[in-house]
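The chains referred to below are lettered A, B, ... by the order of the sequence lines, with proteins before strands, and numbering in each begins at 1. These numbers come from a predicted model, not from an experiment. FYI, side chains are in, hydrogens and waters are out, and symmetry mates aren't considered; it's all heavy atoms of this structure.
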Amino acid sequence: MTTSSALPKQYDPSEVEPRWLRFWLENGFFHADETSPTVPYAITLPPPNVTGSLHIGHALGSTMQDILVRWKRMQGFNAMWMPGTDHASIAVHVLLEKDLKRREDKTRFDLGRDDFMKRAWAWKEKSGNRISEQEKLMGFSLDWARERFTMDDKSNAAVLEAFVRLYEEGLIFRAKRMINWDPASATVVSDLEVDTVEEKGHLWEIKYPFVDGSGEIIVATTRPETMLGDTAVAVNPKDTRYTAVVGKLVTLPLTGRQIPIVADPWPDPEFGSGAVKVTPAHDPNDFEIGQRHNLEAIQVIDAKGKMCAPAPAKYVGMTVDEARKAVVADLEAGGHLGEVKDHKVPRGRSQRSGAVIEPMLMDQWWVKAGPLAEKAAAAAETGKVKFVPELWTKTYMHWMTNIRDWCISRQLWWGHRIPAYYCTCGTTIVARTAPTVCTSCGKSDTLKQDEDVLDTWFSSALWPFSTLGWPEKTRALSTFYPNNVLVTGPDIIFFWVARMMMFGLHFMGKVPFRTVYLTSIVTDENGDKMSKMKGNVIDPLDIVYGASLEALLKRADSENAPDAAVKTIKKNFAKGIPSMGADALRFALAALNTSGRYIRLSIERVEGYRNFINKLWNASRFALMNLDGYDPERFEAQLTTQAGRQSLGMPERWILSRLQAVSNDVDTALEAFRFSDAANAIYHFVWHELCDWYIELAKPHLHQTEDLVQDQAKAAKRHVVQGVLATALETTMRLLHPFAPYVTEEIWQKLPKPPQLPGSLMITVFPRNDASFVDPAAEAEMKLIQDVAVGCRMLKATYGIEPAKTVPVGIRVSGDKAEVLKRYREAIERTARVKAQIGATFAGSSEAFTLHDGSADALTGVAGKEVINSEVEIVMPLGQIDVTAETARILKDIGKCDKEIGGLEKKLGNADFLARAPEDVVAEQRTRLSEEQSRKARLKDALATLEKAGKS
RNA sequence: GGGCGAAUAGCUCAGCGGAAGAGCGUCGCCCUUACAAGGCGGUGGCCGCAGGUUCGAAUCCUGCUUCGCCCACCA
């Protein structure tokens, strides 16, 4: 016999988890073989940035992926989950450069390219290791043998190949266009990396005098400093105020330059003065106007965000803000300033560095997005790729159909260097290997490789196939491409999902994945997005293993967290974080993952699911303490025969039927990515069916008694109950395993089970649909038992009787329910702690009756009554009770009845309803009405006897 | 300026055409030999507002209000 000391009362994940993780890894259970003949199921983990460690958002997405992968693996699929990390070019730059500035007061340029790269690699090593460690500890069944990095040799080869091919196809080109310049990081960023925020500013009117002395034209601008680079003034051709001046020249103040007035459709006559100064080098619109009118683009702001020649020497070297003040002052002094108004100005800020983006004209590399996007949009329209939740399709489509060319070059070092070589003769060569001689002039030693690297998302866009060996034609590629599902956050639909679609379709001719599941965004309990700056981030492992306030503060300090963050940490985690275990966190994430856009995560919520894991643990502990003498093979054989099935008691058939229903619910929910439905179905089953009812009903049969040896029937019954309990638990472990792999493996290994099963739960088969276990009759009977037991408990609680105290109770029953109640009287008695007499009438008056054991219990006082339904009511002799309170309770019930009856009568009295509603709906309403009427009659009856008792 | 979404119990959310639900919280009573990280029971809702469609609306339509989010070159 297993003693209780063998299993602790409280589940201790820290002891269990490392053991099974090692076991799974050592046995290679996470590895999928691409040559396996079984049906593949593949997911590629969105590679986390090597910018530090995983946050709770990663934990959410990865947990959902692991649930899918473990579930499909157990269903017999060749499930492969590809791990890896992303070099995160600009993010790592920002991180390292900040650190460099703080510790050594240096910029990357002080350090030089080679030294900087060494530091970046060291950082990558540290961060990458930390990330994979976290992923392992969370129990993620990633195929570690395949682990990749976006800057490993194979990925580099894929990037090179993709770049060269796209260049050869004319889909990558170099051009001088308006770009977003981030002066802080000293690089171009793409449109997507710019956040536009409205900031307070001014609208200045500036007077430009006509060269011919015939007056002046007033222009309006929010950026007066750019006037130094103006090369025209534009007015709308429909604006009759200006028709006469089109073609005239004006003198640009402060510079003396003469510039023309041009007619262009862009200026809105309603805005400002209707005349626009045109600075083609520093404004996207002005650039367009410049293109249309062949205007010169004069650059007056340099790459460091400072004014430069040919701006007048006075301003050169000033920052943009300084120049603005100086220009405004000088204009005013010269009498060129008109009205100045407050104005909200949209300002672009770099997502990464926060610096104000400077629009500039520069030579950069571009991907021609149009043709690629066309196919990517079509794939969504024809259903080759599906978005879940579906509403994200619109977001994706909107972007795809309004796409702009993608600027892919970055003036950074950490990344894939662009394979373009420039010869002094002016030739550009794009090649897979560095050319030694110029293909044009034939000279050697004249070639220089482009200094720039690619946007980090370029390699990410190739990830679904570069990880499988592309550009080589590998077996892995043919087996696992396309992936079945991509699980990621909606915030990177444009950055990543869209681009994988474009490149996947272009290079592979097929979508990279069939379904895109977009997760919610995890926020803190107040609904605020988590950020290190705010101090509300949670490291998943802190929840798994717990963390003291001191430890959290120490880490914040080492990460240079701002004061506000430290304050938040002190407030939110005053008592630290208790240890929950990986299973509790995983289960919580699944259970909270409804279709909403946000998940508010709080430690308390996780605690609730830790309690659930503990509940499961204790239920298993109970079972293991009572499974002595149990023979799994014998029971399995019994379950397979018709006679054996029929020998099961109603509670046994009920719990197996419920288990079957829950299995189906879980399957259905997971097919639809409804993780919370799946988790909640299991939670409810385990806690409120298996534990609250079945185990309670099983107890009397399991408890060892002396006569068991003699009583063959009792021994057989005990064995059946043992079998059902063990089977139900074993099946529950399989259902729950994808969500909570550790505790389920631990319990499953301990449970007695038929010997032919595999050596690990994670490679056992997921519960399959077996309709033969569905038993509506058992479910209906059990429902009746539960209703009656709950009714008894309610009466006891109402009258302040301790739950543990057994009291006599009469169950008045008519119709065919009597037999069921009589048969399961013991079940009611046990679960409600009552002594029940069951019958149509009781001895004596309606309030006095004889207990079933024969002892008379004539009651002089009053009884509590609870009407269960039209056929069943409970009468509980109570002696003296508070007649007023009981009357009020019954009146309240009658009130509810009346309301129901009123509604139903009105409905059934409506000829239109009878004529138009479906027959079954009408019939249902009729049944309900008669049920309610009967219930009301019984309640009134109870009220009458109560009144009588009150008077006597 | 365009687009998308959300308003349901104190909180977080599910339900999306035929009886208002869950978890947590809260309030009682209990250490009943698996579990106090537990058991039993209760309380709690003009389903944002106003119209409309329908025999029937939390659910569909329209408008309004309030909150989110995304996209956008009005100087």
How long is the line joining [atom1] of [X] and [atom2] of [N], in whole Å?
| X | N | atom1 | atom2 | result |
| --- | --- | --- | --- | --- |
| A:Arg928 | B:rA20 | CZ | C1' | 12 Å |
| A:Ile521 | B:rG5 | CD1 | C1' | 13 Å |
| A:Lys907 | B:rU54 | NZ | C1' | 12 Å |
| A:Glu390 | B:rC16 | CD | P | 16 Å |
| A:Asn680 | B:rU12 | CG | C1' | 12 Å |
| A:Ile682 | B:rG23 | CD1 | C1' | 16 Å |
| A:Asp677 | B:rA22 | CG | C1' | 11 Å |
| A:Ile493 | B:rC4 | CD1 | C1' | 11 Å |

Summary of protein contacts for nucleotides 69-75 of chain B, nucleotide by nucleotide, where a base hit scores B, a sugar-phosphate-only hit scores S (4.0 Å, heavy atoms): S-SSBBB
Sequence-aligned protein contact record of nucleotides 33-44 of chain B, with B where the base is within under 4.0 Å of a protein heavy atom and S where only the sugar-phosphate is: -BBSBSBSSSS-
Pair A:Tyr396-A:Trp392, ring-ring contact (aromatic ring centres under 6.0 Å, His included): steps then yes or no: CA-CA 6 Å; A:Tyr396 170 88; A:Trp392 293 112; over 10 Å; no
Is [X] touching bases, backbone alone, or none of the nucleic acid, heavy atoms closer than 4.0 Å?
| X | value |
| --- | --- |
| A:Pro918 | base |
| A:Gly800 | nothing |
| A:Gln925 | sugar-phosphate |
| A:Arg889 | nothing |

Test salt bridge (Lys or Arg N to Asp or Glu O under 4.0 Å) applied to A:Glu866 and A:Arg889, step by step: CA-CA 10 Å; A:Glu866 172 67 3; A:Arg889 191 179 71 86; 3.3 Å; yes
[N] versus [M] - spacing of their [atom1] atoms, nearest Å:
| N | M | atom1 | answer |
| --- | --- | --- | --- |
| B:rU66 | B:rA22 | C1' | 27 Å |
| B:rG23 | B:rU65 | C1' | 30 Å |
| B:rG21 | B:rC47 | P | 14 Å |
| B:rC13 | B:rC27 | C1' | 23 Å |
| B:rG45 | B:rA9 | C1' | 5 Å |
| B:rU53 | B:rA58 | P | 16 Å |
| B:rC11 | B:rG2 | C1' | 35 Å |
| B:rG41 | B:rC24 | P | 14 Å |

Does [X] pair with [Y] as a salt bridge, N-O distance under 4.0 Å?
| X | Y | value |
| --- | --- | --- |
| A:Arg223 | A:Glu225 | yes |
| A:Asp898 | A:Lys936 | yes |
| A:Arg610 | A:Glu607 | yes |
| A:Lys896 | A:Glu932 | no |
| A:Glu802 | A:Arg833 | no |

cation_pi(A:Lys699, A:Phe622) dist<6.0 Å, angle<=45: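 The answer is yes, since A:Lys699 meets both limits relative to A:Phe622.
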Residues in side chain to side chain donor-acceptor pair (under 3.5 Å) with [X], at least two apart?
| X | answer |
| --- | --- |
| A:Arg830 | none |
| A:Asp692 | A:His688 |
| A:Asn614 | none |

Contact nearer the 5' end of RNA chain B, comparing A:His684 with A:Lys394: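 On the 5' side of the pair lies A:Lys394.
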Short side-chain N/O contact from A:Arg605 to OP1 or OP2 of B:rC24, under 4.0 Å: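 No, A:Arg605 has no side-chain N/O under 4.0 Å of OP1/OP2 on B:rC24.
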Under 4.0 angstrom between A:Arg674 side-chain N/O and B:rG15 OP1 or OP2: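 The answer is yes; a side-chain N or O of A:Arg674 sits under 4.0 Å from OP1 or OP2.
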Test log, rule side chain to side chain contact (heavy atoms under 4.5 Å, CB included), inputs A:Leu929 and A:Ile901: CA-CA 6 Å; A:Leu929 181 61; A:Ile901 289 169; 3.9 Å; yes
Base-paired stems in RNA chain B, each at least three Watson-Crick or G-U pairs under 3.5 Å: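 Looking at RNA chain B, the stems formed by three or more consecutive pairs are B:1-7 with B:65-71, B:10-13 with B:21-24, B:26-30 with B:38-42, B:48-52 with B:60-64.
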Single hit among A:Glu198, A:Glu358, A:Glu199 for salt bridge (Lys or Arg N to Asp or Glu O under 4.0 Å) with A:Arg347: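 So the option named by the test is A:Glu199.
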